[in-house]
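Written out below as structure tokens is the structure these notes cover.
Letters A, B, ... are given to chains in the order of the sequence lines, protein chains preceding strands, and every chain is numbered from 1.
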Amino acid sequence: MKNLEIAKILRMIALYLEMKDVPFKPQAYEKAAYSIEALDEDIEEFIRRNGEEKLKELPGIGESIAKKIIEYIETGKIKELENLKKEVPVDIENLTAIEGIGPKIVYKLYKALKIKDIKDLEKACLEHKIRKLPGFGEKSENKILQSINLFKQGTGRFVLGFIIPIVEELVLFLKDSKYVSQISPCGSYRRRKETIGDIDILATSKNKEKVIDYFLTFKEIDHIYAKGPTKAMIRLKNGLDVDLRVVEEKSFGAALLYFTGSKDHNVAIREIAIKKGYKLNEYGLFDKNNKMIAGKTEEEIYKKLDLQFIPPEIRENQGEIEAAKKNKIPKLIEYGSIKGDLQVQTNWTDGQDSIEKMAKEAIKLNLKYICITDHTQSLAITGGLDEKKLLSQMQEIDKLNSKFKGRIKILKGAEVNILKDGKLDIKDEILAKLDFVGAAIHSHFDLPKDIQTERIKKALANPHVDCLFHPTGRIINKRAPYEIDIDEIIEFAKKNNKILEIDAYPNRLDLKDEHIRKCIQKGVKMVIDTDAHSTVHLNFLDLGVAQARRGWARAEDILNTKEELKF
DNA sequence: GCCGTTTTCGGCCCGACTGTTTTCAGTCG
């Protein structure tokens, strides 16, 4: 899969062009890069299937970039980029990743001091060579040095579910300030993306500077990048960068829209505004006479643009604007609407808490049912259950069910391990006694795509299996998904009436949003589970809901929005 | 370099902040 590779290379060309101050082309390459990245099919596969000509039908890709993509696929290189690299041989990718360094500075530094990479840059700073250059000074030199240090300890992208607590704490802290009237996180955090680069927080206040000052007293701040009268940028001790922006009450909606993004969504709705003769920016929607006609809420802005309100989770310019024009945005599944969790591990295997404790916690969370799905025997590392232990767990569940009668229903289940050959490691007659069976892969991740796909289909074909757990096996920031033909599996699930899971565990979120959309198109039902290994994990259900919303799911697409289930 | 219910040519989102300037260039989102 060369999509990301090609996107990266197109971005590199963009940087080089920007370096030379070439107008407009950089954005064009940027846009093309995004387009390739957003493509959910292998680009080579795409070309094989549709022909090279069809490349030009992808947004942002025309004659010239299409040729370059093909050149890259055929030769592994793009001549133009090679020439640019030869002319200015710098590690432009990493250098521009340093906060405050852009392509123009990279060029200046290369011309003046032959700085090629971060190491050279750091050395030049330490030798005080930067401050002597025109346009630079002592301050900028120190700042670069600081940014290099921050880059070195930089933590990359954060998994959404793991940073929610600190962001909520910060928002509460700001709310406590008597100067803040409205406040909301924006950006990819509000869009509930799987991973977050940095956090944008938007507030309104009659006394903006006071809010900024108060913000900078937050105890978890490690570093202040910038501070102005309406905006400040900081890094938290955990490495997360946070921007705070304070605007007027009347602009809150416009700013919320603007800072929530995505960038592509913004550009698209701004274009709609322009076509109507309006101007849209973070302060509001303005008519020809520069009179503000909307801005206090996002709703009124969408309305003035003749668009249905678009929930933040689907603002990716992936068809939502066209849908909103036609009033065809579906009613997305709502937070808090999951009635039961169908993947729960306990201390019978690798979970921390007992069935009883998990059930009590689930009652607190207002769930109507949970399904106990401990691992099975071949997953030795977890102490997986064999047939005998499964039977005794069932007895235990019966006992607890009579104890909790009316408060919660505990379902009998298992996360059955799929063996290398696609067989399951528990006998059918035992599986038949369970209420709900999820099958999952925990080994042989690297089988070839067709074999892996067949393996999964074979497991799903077992009449006792209801659901495929964490279907692609990816672990965000840690493990790539195993190679499978997801379309074939979705097709198979449809034909055989099987369920696919949306595993809500923060670094799984598996299925991905685009898979969820495919399931909906095909009419394949899904469930949202937490994959809880302790009571606190049961709180992750809404992360799964966010994931489902990003995949345009409605309540009827997700089975465990129902009060009762039959399998 | 891309794109088209104002266009196949002439537009491309735009404002805040910083540092080094004395009116602006560069970066960022």
Side-chain angles (χ1 to χ4, degrees), chain A residues 10 13-19 21-35 55-69 78 80 95-109 130-144 146-147 186-189 196-202 208-209 212 224-234 241-247 251 254-255 257-286 306 317 325:
Chain A
L10 293 173
I13 297 177
L15 285 170
Y16 268 111
L17 294 171
E18 219 172 307
M19 171 188 274
D21 216 12
V22 178
F24 305 114
K25 287 192 191 183
Q27 293 95 303
Y29 277 97
E30 222 10 87
K31 207 172 168 193
Y34 186 85
S35 185
L55 264 184
K56 285 189 267 181
E57 280 176 28
L58 294 173
I61 294 176
E63 186 74 41
S64 165
I65 293 184
K67 257 194 208 147
K68 291 195 173 77
I69 291 173
I78 293 176
E80 191 178 323
L95 281 170
T96 52
I98 306 269
E99 171 85 21
I101 303 268
K104 301 223 169 63
I105 289 184
V106 170
Y107 194 35
K108 277 187 193 171
L109 293 175
I130 305 282
R131 63 176 68 178
K132 296 185 189 119
L133 298 175
F136 293 83
E138 197 178 330
K139 264 193 180 167
S140 39
E141 186 179 84
N142 286 335
K143 222 177 154 184
I144 291 172
Q146 231 171 5
S147 295
C186 327
S188 50
Y189 181 86
I196 307 295
D198 57 15
I199 301 287
D200 304 291
I201 298 178
L202 178 71
K208 303 194 189 83
E209 296 196 40
I212 298 290
I224 298 171
Y225 294 108
K227 168 190 188 278
T230 66
K231 181 182 172 181
M233 296 162 68
I234 58 122
D241 290 341
V242 182
D243 293 1
L244 174 68
R245 183 72 179 253
V246 193
V247 299
S251 296
L257 189 62
Y258 182 87
F259 291 112
T260 296
S262 67
K263 202 174 163 183
D264 275 29
H265 179 87
N266 284 355
V267 170
I269 58 172
R270 200 174 286 214
E271 274 164 16
I272 291 176
I274 291 168
K275 276 183 193 139
K276 289 189 186 295
Y278 301 152
K279 187 181 83 169
L280 178 64
N281 60 25
E282 63 258 58
Y283 297 108
L285 182 65
F286 301 89
D306 293 320
N317 198 19
K325 277 183 192 163

- Item | Verdict with supporting geometry, A:Arg245 and A:Glu282, salt bridge (Lys or Arg N to Asp or Glu O under 4.0 Å) | CA-CA 11 Å; A:Arg245 183 72 179 253; A:Glu282 63 258 58; 3.2 Å; yes
Gap between atoms [atom1] and [atom2], on [X] and [N] respectively (whole Å):
X: A:Leu55; N: B:dG1; atom1: CG; atom2: P; value: 16 Å
X: A:Ile212; N: B:dC17; atom1: CD1; atom2: C1'; value: 12 Å
X: A:Asn266; N: B:dG15; atom1: CG; atom2: P; value: 14 Å
X: A:Leu285; N: B:dC13; atom1: CG; atom2: C1'; value: 14 Å
X: A:Tyr225; N: B:dG19; atom1: OH; atom2: C1'; value: 18 Å
X: A:Phe24; N: B:dC13; atom1: CZ; atom2: C1'; value: 11 Å
X: A:Leu280; N: B:dG15; atom1: CG; atom2: C1'; value: 13 Å
X: A:Ile130; N: B:dT20; atom1: CD1; atom2: C1'; value: 15 Å

Tabulated below should be each protein N or O lying under 3.5 Å from an N or O of nucleotides 2-8 of chain B; please produce it.
| unit_1 | atom_1 | unit_2 | atom_2 | d |
| --- | --- | --- | --- | --- |
| B:dC2 | OP1 | A:Gly62 | N | 2.5 |
| B:dC2 | OP1 | A:Gly62 | O | 3.2 |
| B:dC2 | OP1 | A:Ile65 | N | 3.2 |
| B:dC2 | OP2 | A:Ser64 | N | 3.4 |
| B:dC3 | OP1 | A:Gly60 | N | 2.7 |

- Looking at the side chain of A:Tyr29, which of B:dG1, B:dG15, B:dC17 is the nearest nucleotide? B:dG1
- Query: Which nucleotide sits closest to the side chain of A:Tyr283: B:dG1, B:dT18, B:dA16?
  - Reply: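 Selected nucleotide: B:dA16.
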Separation between the [atom1] atoms of [N] and [M], rounded to whole Å:
N: B:dT23; M: B:dC17; atom1: C1'; value: 16 Å
N: B:dT7; M: B:dC12; atom1: C1'; value: 13 Å
N: B:dG10; M: B:dG15; atom1: C1'; value: 25 Å
N: B:dT22; M: B:dA16; atom1: P; value: 24 Å
N: B:dT6; M: B:dG1; atom1: C1'; value: 22 Å
N: B:dC13; M: B:dG29; atom1: C1'; value: 11 Å

- Query: Within the side chain of A:Ser140, is there an N or O that forms a donor-acceptor pair under 3.5 Å with the backbone of A:Gly137?
  - Reply: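 Indeed, once roles are kept as given, a pair shorter than 3.5 Å links the two residues.
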- Message: Test your reading of the model: is there a side-chain donor-acceptor pair from A:Ser262 to the backbone of A:His265, 3.5 Å cut-off?
- Response: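 Present.
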- Hey, is the side chain of A:Ser140 poking within less than 4.0 Å of OP1 or OP2 on B:dT20, counting only N and O atoms?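 Answer is yes, contact under 4.0 Å.
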- Task: Could you tell me whether the phosphate oxygens of B:dG15, OP1 or OP2, come under 4.0 Å of any side-chain nitrogen or oxygen in A:Thr230?
- Result: no
- Have a look at A:Lys68 and say if it touches a base, only the backbone sugar-phosphate, or nothing, with a 4.0 Å heavy-atom cut-off.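 If one applies the 4.0 Å heavy-atom cut-off, A:Lys68 turns out to touch the sugar-phosphate alone, with no base involved.
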- Message: Does the structure show a Watson-Crick or G-U wobble partner for B:dT8, both distances under 3.5 Å? Name it, or say none.
- Response: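 Looking at the geometry, B:dT8 pairs with no nucleotide.
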- Query: Between A:Tyr189 and A:Asp198, do the side chains contain an N or O donor and an N or O acceptor separated by less than 3.5 Å?
  - Reply: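 No, because no side-chain N or O of A:Tyr189 sits under 3.5 Å from a partner of the opposite role on A:Asp198.
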- Query: Under 3.5 Å, is there a donor-acceptor pair linking the side chains of A:Lys68 and A:Ser64?
  - Reply: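 Yes.
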- Quick one: on DNA chain B, does A:Asn281 or A:Phe136 contact a more 5' nucleotide (nearest heavy atom)? A:Asn281
- Message: Treating primed atoms plus P, OP1 and OP2 as sugar-phosphate and everything else as base, which nucleotides of nucleotides 23-29 of chain B get B, S or - for protein heavy atoms under 4.0 Å?
- Response: ---SSSB
